[in-house]
**Q** 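I'd like to ask some things about the structure below.
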Number of protein chains: 2
Amino acid sequence: MARWEPNARERLQAAAFELFEERGYDGTTVGDIAARGGLTERTFFRYFTDKREVLFSGSEELEKLIVSAIASAPETMPPLDVVVAALAASSPAFEARRAIARKRQALIAAHAELRERELIKALKIAATLVTCLRERGVPQATATLLGQTGTALFQNAFERWIEDPKKRDLAHHMHAALAELRRLTAETGKATRGVKDARSGAAKSPRR
Amino acid sequence: MARWEPNARERLQAAAFELFEERGYDGTTVGDIAARGGLTERTFFRYFTDKREVLFSGSEELEKLIVSAIASAPETMPPLDVVVAALAASSPAFEARRAIARKRQALIAAHAELRERELIKALKIAATLVTCLRERGVPQATATLLGQTGTALFQNAFERWIEDPKKRDLAHHMHAALAELRRLTAETGKATRGVKDARSGAAKSPRR
DNA sequence: CTCCTGATGTCAGAACGTGACATGACGTGC
DNA sequence: GCACGTCATGTCACGTTCTGACATCAGGAG
């Protein structure tokens with residue numbers, strides 16, 4: 001018999017999910033989570049750098065999935081399509097978890113701290129995309145833009161997926177988003193510089 | 001004579017900037033900042049909800065600028081151009097502050113907490129863009145995508161602006177980014193579905 | 001059998017953030 | 001010109017998050 005129950009990490013995640021549903025995110029303490037997992041607060045922080053982090057363990061796996069999908073894309077495919085296809089490749093992994101994803105997303109939407117964390121995970125994935133693209137020979141500046149555009153498309157598709165009454169899969173929504181982007185960029189290009197000097201309004205010298 | 005020195009808020013911001021440069025972000029305490037501003041820690045938290053927030057006061061002003069720029073865009077302009085033009089309209093406000101912006105950006109880049117906050121500010125601006133577009137009659141889904149694409153372009157342009165040795169303005173980089181996006185989306189559209197089934201690799205059922 | 005390793009616990013403490021209440025200059029109305 | 005309310009600030013007390021240092025102790029290696 002092992003000295004400790006196995007799967008401490010998973011136990012903590014499960015406990016956290018339960019408690020967040022029962023008492024809300026703010027209403028539950030790291031100590032509470034640890035206790036329900038049969039562990040100590042200190043131990044929680046050895047597994048997760050953060051109270052928030054306990055909700056975001058999946059993003060590494062998503063990343064791996066994306067990397068391998070990019071690797072298997074044909075050399076000749078246009079880079080934006082590579083990005084879209086790679087992100088769409090995670091689709092099957094999500095299908096099984098629509099219900100969980102919904103709850104989790106509701107939690108995140110309700111807490112600014114959690115939204116912040118989610119955004120930085122997206123950024124991390126964008127950075128990974130950029131690295132992969134660079135290795136395929138895409139120039140830096142282009143790769144950066146592609147990474148950002150790709151995650152924008154993904155987030156957009158994810159939102160639509162999660163509330164899609166027809167339950168079409170994530171890949172479907174990715175391709176729909178791409179099609180729309182294509183439409184938007186196609187109709188542009190003529191009057192691009194129209195408003196350029198419209199710094200009319202109030203607000204002198206914002207700090208930003 | 002007033003009972004208290006005026007401009008408490010500005011004093012706190014200035015103190016924070018100084019101290020962050022002197023001792024780094026982690027090395028300075030909210031108490032330190034307040035003390036240098038001649039105030040109390042408690043008072044700091046009345047002006048800023050957060051230690052981080054003291055670095056991000058400019059984003060509201062940026063937002064106002066953008067809103068008024070959108071308002072003055074011609075009705076007939078394609079929506080993506082409206083977005084780009086609106087974001088580019090903040091350009092003059094930034095020109096005066098390239099040096100400060102650099103320092104600030106270095107600080108943010110070095111601290112995940114700060115990057116998180118920056119990202120959520122960008123999201124806020126994206127949401128504002130969406131609202132403005134909706135008021136112009138752009139359908140919801142399209143507006144969402146435009147907001148995301150727009151902020152992606154902005155962030156991209158901002159990065160390039162801040163390190164541009166030729167010191168071209170932010171508007172220039174915005175338009176360059178748009179041009180590149182247009183190029184990327186133009187060359188797409190043929191082999192879009194190539195990788196779609198490439199969920200080959202490892203990693204079964206990521207949580208995310 | 002002994003020693004080492006690694007997961008966990010215990011303890012103390014700093015920093016963040018908040019609620020409740022106190023203070024006291026200033027302006028307003030009477 | 002006096003009483004009163006307001007508002008920015010201070011004071012205090014407290015809960016939570018997160019960290020460093022050190023203790024414990026089962027099980028495996030030698």
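Numbers restart at 1 for each chain; the letters A, B, ... are given by sequence-line order, proteins then strands.
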**Q** For DNA chain C, what is the dot-bracket line, given that a base pair needs Watson-Crick (N1 to N3, plus N6-O4 or O6-N4) or G-U wobble (N1-O2 and O6-N3) geometry with both distances under 3.5 Å, and | means paired with another strand?
**A** ||||||||||||||||||||||||||||||
**Q** Applying salt bridge (charged side-chain N to carboxylate O under 4.0 Å, His left out), which residue pairs with at least one partner in residues 147-163 of chain A are found, sequence neighbours left out?
**A** A:R160-A:E180
**Q** Among B:T144, B:I66, B:V82, which one satisfies side-chain contact (heavy atoms from CB on, under 4.5 Å) with B:L129?
**A** B:I66
**Q** Which pairs of donor and acceptor atoms, one on a side chain in residues 35-44 of chain B, lie under 3.5 Å apart (sequence neighbours left out)?
**A**
| residue | atom | partner | partner atom | Å |
| --- | --- | --- | --- | --- |
| B:R36 | NH1 | B:E18 | OE1 | 2.8 |
| B:R36 | NH1 | B:E22 | OE2 | 2.8 |
| B:R36 | NH2 | B:E22 | OE1 | 3.2 |

**Q** May I have all residue pairs that pass salt bridge (charged side-chain N to carboxylate O under 4.0 Å, His left out) and include part of residues 131-147 of chain B, sequence neighbours excluded?
**A** none
**Q** Just jot down the side chain to side chain contact (heavy atoms under 4.5 Å, CB included) partners of B:A152, sequence neighbours excluded, or say none.
**A** A:Q148
**Q** Counting any heavy atom closer than 4.0 Å, what does B:G38 reach on the DNA or RNA strands: base, sugar-phosphate only, or nothing?
**A** sugar-phosphate
**Q** What does nucleotides 14-24 of chain D look like as a protein-contact string, B for base, S for sugar-phosphate only, - for none, at under 4.0 angstrom between heavy atoms?
**A** --SBBBBB--B
**Q** Using the side chain to side chain contact (heavy atoms under 4.5 Å, CB included) criterion, which residues pair with A:A177? Sequence neighbours excluded.
**A** A:L153, A:N156
**Q** Think B:T43 has a side-chain N or O under 4.0 angstrom from the OP1 or OP2 of D:dG10?
**A** yes
**Q** Kindly write out the residues that satisfy side chain to side chain contact (heavy atoms under 4.5 Å, CB included) with B:T128, not counting sequence neighbours, or none if the list is empty.
**A** B:E63, B:V67, B:C132
**Q** My understanding is that only residues two or more places apart in sequence, or in another chain, count here; which of them pass side chain to side chain donor-acceptor pair (under 3.5 Å) with A:E53?
**A** A:R117, A:K121
**Q** Within less than 4.0 Å of OP1 or OP2 of C:dT8, is there a side-chain N or O belonging to A:Y47?
**A** yes
**Q** Could you give the CG-to-C1' distance, from B:L19 to C:dA15, as a whole number of Å?
**A** 15 Å
